[in-house]
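Have a look at the structure below before the remarks.
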2 protein chains.
Amino acid sequence: MGDNVLDLNLLGVEELACHHEGQSLRPRNPAPFLLKTYNLLEEGEDDNKKIVSWNVDGRGFVVWSPAEFSDLTLPRYFKHSNFSSFIRQLNTYGFKKISSKRWEFKHEKFQRGCKHLLVEITRKKGEPSVFPSYLKSCSEENGMSNSMEVNNNQQILMEENKNLKEERLELQMQIAECKAMEMKLLEYLSQFVDNHQNKVRKL
Amino acid sequence: MGDNVLDLNLLGVEELACHHEGQSLRPRNPAPFLLKTYNLLEEGEDDNKKIVSWNVDGRGFVVWSPAEFSDLTLPRYFKHSNFSSFIRQLNTYGFKKISSKRWEFKHEKFQRGCKHLLVEITRKKGEPSVFPSYLKSCSEENGMSNSMEVNNNQQILMEENKNLKEERLELQMQIAECKAMEMKLLEYLSQFVDNHQNKVRKL
DNA sequence: GGGAATATTCCC
DNA sequence: GGGAATATTCCC
């Protein structure tokens, strides 16, 4: 039965998630965005069906009128009226545009009458990059594999590291010199002061 | 027809911010949150002054009535009516609560009549962690995989690198101070010498 | 107060 | 379509 597979997956995820998510293994809730989008399709009156609705087979949905959808529907479910923000969310959750002629989208786990499948839909995340993007740029230009890139990055880091340490040494020496000079000057100064005072005393 | 919906952005030009700041470049515009919070203090009618206002010296501000502030003020500037979300943003930008008796906050660069200082205020960020934290906590307990170890090495390198850069800055400042002191001493010394020579000439 | 997930915006 | 900055929420 598929349920077993599912449970095993959940356990795996829970282990990775360690301290997050508390203990609640069972009642995973779908992401708010998914629930709202699903509800917006279910709750619409017949009027709204002209704005947005499930497609014929219920395995996708169509925004028939983006303008009205943005102005009327979106603000009732979200904190904005921007069609493009809605699209951005669809992409984030892995929906695909399935028609070039109209705003029709689908996701395997987003189907009419299958609210329970929503929990299966997760945000796409770019692999947490090992590296800040500013370091990536140089290796992207040459064709590099991931592991080459990691190596390359590490190389760069170590080089920079070595240079920084040399620089540190140099700076520390400068400071030492500076301090020495300071001492010398202070000595001179105190001699002059003594000298001066002696002269004054003599007069 | 509905095409231009995509381009509509009703939120206003002032929200545009510079997203690519090189290391030395500051964003030209203050963060939207800061501008809105500033404006909300400037634009208030006398009525609103009973809800939220600058404090006496204009170096901080007070939310006199959190309830009204949340219900009336917040939604006019933000996409929510939650006082706690507002507070979260204040903390993100480094504001400090300066009274235990009332909701009074301050930030060095947030002052009445000093809109231009807002660009100096930046979001506090924990270093972008190389590693998702849910993996971090686990890797301490378990043995690490190869790729995790590589990541770990890089993280260490980056940490060391960052520390070295901070150290460099510190050393450079010490040198600057040292040089300044040197100049001052030399000045004193030359004054004494002049003085001394004058005295000698007099004799 | 702040870490982290999710949402919204902006830009390429 | 997606990366990344900022905003909002949720939770400790």
Side-chain angles (χ1 to χ4, degrees), chain A residues 13 17-24 28-37 70 74-75 77-98 100 103 105 107 118 121-129 131-134 136-137 140, chain B residues 6-21 25-37 70 74-75 77-98 100 103 105 107 118 121-129 131-137:
Chain A
V13 168
C18 273
H19 306 298
H20 295 277
E21 282 306 313
Q23 59 278 53
S24 61
R28 274 194 311 169
N29 293 319
F33 170 76
L34 299 170
L35 209 47
K36 288 174 180 177
T37 303
S70 303
L74 283 182
Y77 292 86
F78 305 99
K79 290 175 180 293
H80 65 85
S81 313
N82 302 107
F83 193 52
S84 54
S85 290
F86 179 71
I87 302 296
R88 185 73 195 81
Q89 283 284 68
L90 289 178
N91 287 321
T92 296
Y93 283 94
F95 284 72
K96 294 298 176 193
K97 193 158 181 281
I98 56 175
S100 58
W103 296 100
F105 301 89
H107 185 294
L118 297 182
I121 305 176
T122 56
R123 293 166 72 91
K124 288 195 291 185
K125 294 195 191 182
E127 298 255 325
S129 172
F131 243 60
S133 50
Y134 67 88
K136 270 189 171 166
S137 49
E140 274 170 9
Chain B
L6 275 171
D7 298 322
L8 280 182
N9 179 1
L10 300 173
L11 286 175
V13 181
E14 64 183 19
E15 291 207 4
L16 293 175
C18 176
H19 287 291
H20 309 291
E21 71 287 19
L25 291 182
R26 279 174 200 288
R28 268 169 267 134
N29 298 316
F33 170 76
L34 300 169
L35 210 47
K36 289 174 179 178
T37 303
S70 302
L74 283 182
Y77 292 86
F78 305 98
K79 290 174 179 294
H80 65 85
S81 313
N82 302 106
F83 194 52
S84 55
S85 291
F86 179 72
I87 302 296
R88 185 72 196 83
Q89 283 282 67
L90 290 178
N91 286 323
T92 296
Y93 284 94
F95 284 71
K96 296 296 175 194
K97 191 157 183 280
I98 55 175
S100 58
W103 296 99
F105 302 89
H107 185 295
L118 297 182
I121 305 177
T122 56
R123 291 166 73 89
K124 290 194 288 184
K125 291 196 195 187
E127 288 277 312
S129 172
F131 232 57
S133 57
Y134 64 88
L135 283 180
K136 266 188 188 162
S137 44

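Just the heavy atoms: all of them, side chains too, but no hydrogens, waters or symmetry mates, feed the values below.
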Is there a side-chain polar atom (N or O) of [X] under 4.0 Å from OP1 or OP2 of [N]?
{"X": "Lys124(B)", "N": "dG2(C)", "result": "yes"}
{"X": "Lys96(A)", "N": "dG1(D)", "result": "no"}
{"X": "Asn82(A)", "N": "dT9(C)", "result": "yes"}

To the nearest 0.5 Å, what is the distance between [atom1] ([X]) and [atom2] ([Y])?
{"X": "Ile121(B)", "Y": "Leu34(B)", "atom1": "CD1", "atom2": "CG", "value": "5.0 Å"}
{"X": "Arg123(B)", "Y": "Tyr93(B)", "atom1": "CZ", "atom2": "OH", "value": "4.5 Å"}
{"X": "Leu35(A)", "Y": "Tyr77(A)", "atom1": "CG", "atom2": "OH", "value": "10.5 Å"}
{"X": "Asn29(A)", "Y": "Leu118(A)", "atom1": "CG", "atom2": "CG", "value": "11.0 Å"}

Separation of [X] atom [atom1] from [N] atom [atom2], in whole Å?
{"X": "Ile87(B)", "N": "dT9(D)", "atom1": "CD1", "atom2": "C1'", "value": "15 Å"}
{"X": "Gln89(A)", "N": "dA5(C)", "atom1": "CD", "atom2": "P", "value": "15 Å"}
{"X": "Leu35(A)", "N": "dA7(C)", "atom1": "CG", "atom2": "P", "value": "11 Å"}
{"X": "Phe86(B)", "N": "dT9(D)", "atom1": "CZ", "atom2": "P", "value": "13 Å"}
{"X": "Phe95(A)", "N": "dG2(D)", "atom1": "CZ", "atom2": "P", "value": "14 Å"}
{"X": "Asn29(A)", "N": "dC10(D)", "atom1": "CG", "atom2": "C1'", "value": "13 Å"}
{"X": "Asn91(A)", "N": "dC10(C)", "atom1": "CG", "atom2": "C1'", "value": "15 Å"}
{"X": "Leu90(B)", "N": "dT6(D)", "atom1": "CG", "atom2": "C1'", "value": "15 Å"}

Mapping Lys79(A) and Arg123(B) onto DNA chain D by nearest heavy atom, which one lands closer to the 5' end?
Arg123(B)
Residue [X], side-chain heavy atoms: nucleotide from [options] that is nearest:
{"X": "Pro32(B)", "options": "dG1(C), dT8(C), dA7(D)", "value": "dA7(D)"}
{"X": "Phe33(B)", "options": "dG1(D), dA7(D), dT6(C)", "value": "dA7(D)"}
{"X": "Phe78(A)", "options": "dG2(D), dT6(D), dT8(C)", "value": "dT8(C)"}
{"X": "Ser85(A)", "options": "dT8(D), dT8(C), dA7(C)", "value": "dT8(C)"}

side-chain hydrogen bond (donor to acceptor under 3.5 Å, both in side chains) between Thr92(B) and Arg88(B), worked out:
CA-CA 6 Å; Thr92(B) 296; Arg88(B) 185 72 196 83; 3.2 Å; yes
Any base atoms under 4.0 Å from Tyr93(B), or only sugar-phosphate, or nothing? Heavy atoms, all strands.
sugar-phosphate
Report yes if a donor N or O on one partner sits less than 3.5 Å from an acceptor N or O on the other, where the partners are the side chain of Arg88(B) and the base of dG1(C); otherwise report no.
no
Residue pair Asn91(B) / Phe105(B), side-chain heavy-atom distance below 4.5 Å
no
Classify the ring geometry between Phe83(A) and Trp103(A) as parallel (under 30°), tilted (30 to 60°) or perpendicular (over 60°).
perpendicular
Under a 3.5 Å distance rule, please check whether His80(B) uses its side chain to pair with a backbone N or O of Ser85(B) as donor and acceptor.
no
In short, the helix from dG1(C)-dC12(D) to dC12(C)-dG1(D) is bent end to end, axes from five pairs each side, to 10°, by 0°
